[in-house]
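Note sheet for the following structure.
Computed from a prediction, not measured in an experiment: that's the story for all the values here. Every heavy atom of this structure was used, including side-chain atoms; hydrogens, water molecules and symmetry mates were not. Protein chains get the first letters and strands the later ones, always in sequence-line order, with residue 1 at the start of each.
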Protein chains: 2
Amino acid sequence: MLKQEVPLDRVFHALGDPSRRLMVERLSRGPASVSELARPLAMTLAGVVQHLQVLEASGLVRSEKVGRVRTCRIDPAALTRAEQWITERRSTWERRLDRLGDFLAEPSETTDPNHSNSNS
Amino acid sequence: MLKQEVPLDRVFHALGDPSRRLMVERLSRGPASVSELARPLAMTLAGVVQHLQVLEASGLVRSEKVGRVRTCRIDPAALTRAEQWITERRSTWERRLDRLGDFLAEPSETTDPNHSNSNS
DNA sequence: GCCATACTCAAGTACATGCTTAAGCAAGAG
DNA sequence: CTCTTGCTTAAGCATGTACTTGAGTATGGC
């Protein structure tokens with residue numbers, strides 16, 4: 001198994017730039033060459049290549065060169081890891097709200113350790 | 001009107017820093033004061049406050065001050081927007097793979113030597 | 001009132017980021 | 001062969017980021 005495990009830092013950082021997100025959007029519709037990725041971006045090719053390097057370092061994109069053309073494609077694993085991190089935070093938050101809801105629904109009984117329960 | 005619509009840029013950028021992700025993780029377990037958020041971070045309070053400002057600007061976190069304590073809590077809407085963006089890219093990519101699978105499963109005429117495929 | 005707590009703000013600094021230009025090189029069309 | 005295409009690399013530069021220190025303010029316990 002090819003375990004890479006690029007830190008989440010790089011993945012989120014890579015997604016934090018609109019040009020790079022556009023590149024990812026394009027690649028999610030299928031592989032593309034570097035100049036194809038560059039076309040919609042108001043930027044020199046050299047600039048695009050630098051964004052591509054960030055995307056590759058994050059694990060979001062892989063590429064290989066055939067002849068003089070470098071073909072890039074998305075690697076969904078990194079995308080999934082980022083998605084999972086978010087999902088986990090959200091579900092932690094939601095579970096907490098559920099427990100809070102239970103608590104509020106109950107006839108008053110406190111979980112505060114500093115508070116002496118006067119009842120019974 | 002309460003339309004905020006913070007650009008995704010800020011959300012992903014905010015999540016691209018490990019200290020800020022730690023803060024979000026802590027807040028997903030429930031509200032916290034600034035110094036509570038600061039405790040696990042090897043950094044001055046002032047530094048933490050700056051991270052907090054980034055998180056607030058991204059819409060991921062809201063906070064209000066009562067007395068001398070500022071209490072911070074997560075706002076899951078921004079988290080959801082980021083999650084959605086990722087999910088959309090993944091599903092576009094997956095649909096494409098499905099179509100590609102269908103294409104490859106078909107009895108093909110592309111092996112026919114007379115086959116003419118004009119692609120400009 | 002006095003003091004510790006809990007921030008808040010401004011300024012400074014080192015390093016990272018997002019571009020650019022300019023030069024170079026290999027692949028492929030004519 | 002020449003010329004164009006498709007990158008690739010290095011250098012430079014303006015701006016942004018992630019901190020710091022040092023000062024200040026308001027709150028609340030004693």
Where at least one partner belongs to residues 34-61 of chain A, residue pairs that pass ring-ring contact (aromatic ring centres under 6.0 Å, His included), sequence neighbours excluded: none
Pair A:E83-B:W85, side-chain donor/acceptor within less than 3.5 Å: no
Length of the CG-C1' vector between A:L52 and C:dC19, whole Å: 16 Å
Members of residues 60-70 of chain B that approach DNA chain D, where some heavy atom sits under 4.0 Å away: B:G67, B:R68
Partners passing side-chain contact (heavy atoms from CB on, under 4.5 Å) against A:Q53 (at least two apart in sequence or in another chain): A:V49, A:Q50
Of residues 32-39 of chain A, the positions that come close to DNA chain D - non-hydrogen atoms, cut-off under 4.0 Å: A:S33, A:V34, A:S35
Contacts of type side chain to side chain donor-acceptor pair (under 3.5 Å), residue A:S91, not counting sequence neighbours: none
salt_bridge(A:E94, A:R90) N-O dist < 4.0 Å: yes
Set of side-chain contact (heavy atoms from CB on, under 4.5 Å) partners for A:Q84, sequence neighbours left out: A:T80, A:E88
Nucleotide interval of DNA chain D bounded by contacts with chain A (heavy-atom cut-off, under 4.0 Å): D:dT4 to D:dT9
Base-contact (B) and sugar-phosphate-only (S) positions in nucleotides 9-17 of chain C, heavy-atom cut-off under 4.0 Å, - elsewhere: B-------S
Show me the donor-acceptor pairs, under 3.5 Å and distance only, between side chains in residues 62-72 of chain B and residues at least two apart or in other chains.
| unit_1 | atom_1 | unit_2 | atom_2 | d |
| --- | --- | --- | --- | --- |
| B:S63 | OG | B:E56 | OE2 | 2.8 |
| B:S63 | OG | B:R70 | NH1 | 2.9 |

Connected via hydrophobic side-chain network under 4.5 Å: B:L79 and A:W93: yes
Which residues share a side-chain contact (heavy atoms from CB on, under 4.5 Å) with B:A32, sequence neighbours left out: B:R26, B:L27, B:E36, B:L37
Quick one: side chains of residues 10-18 of chain A, donor-acceptor pairs under 3.5 Å with protein atoms, not counting sequence neighbours, listed by atom name and distance.
| unit_1 | atom_1 | unit_2 | atom_2 | d |
| --- | --- | --- | --- | --- |
| A:D17 | OD1 | A:S19 | N | 2.8 |
| A:D17 | OD1 | A:R20 | N | 3.1 |

Five-pair end axes of the helix from C:dG1-D:dC30 to C:dG30-D:dC1, angle between them (10°): 30°
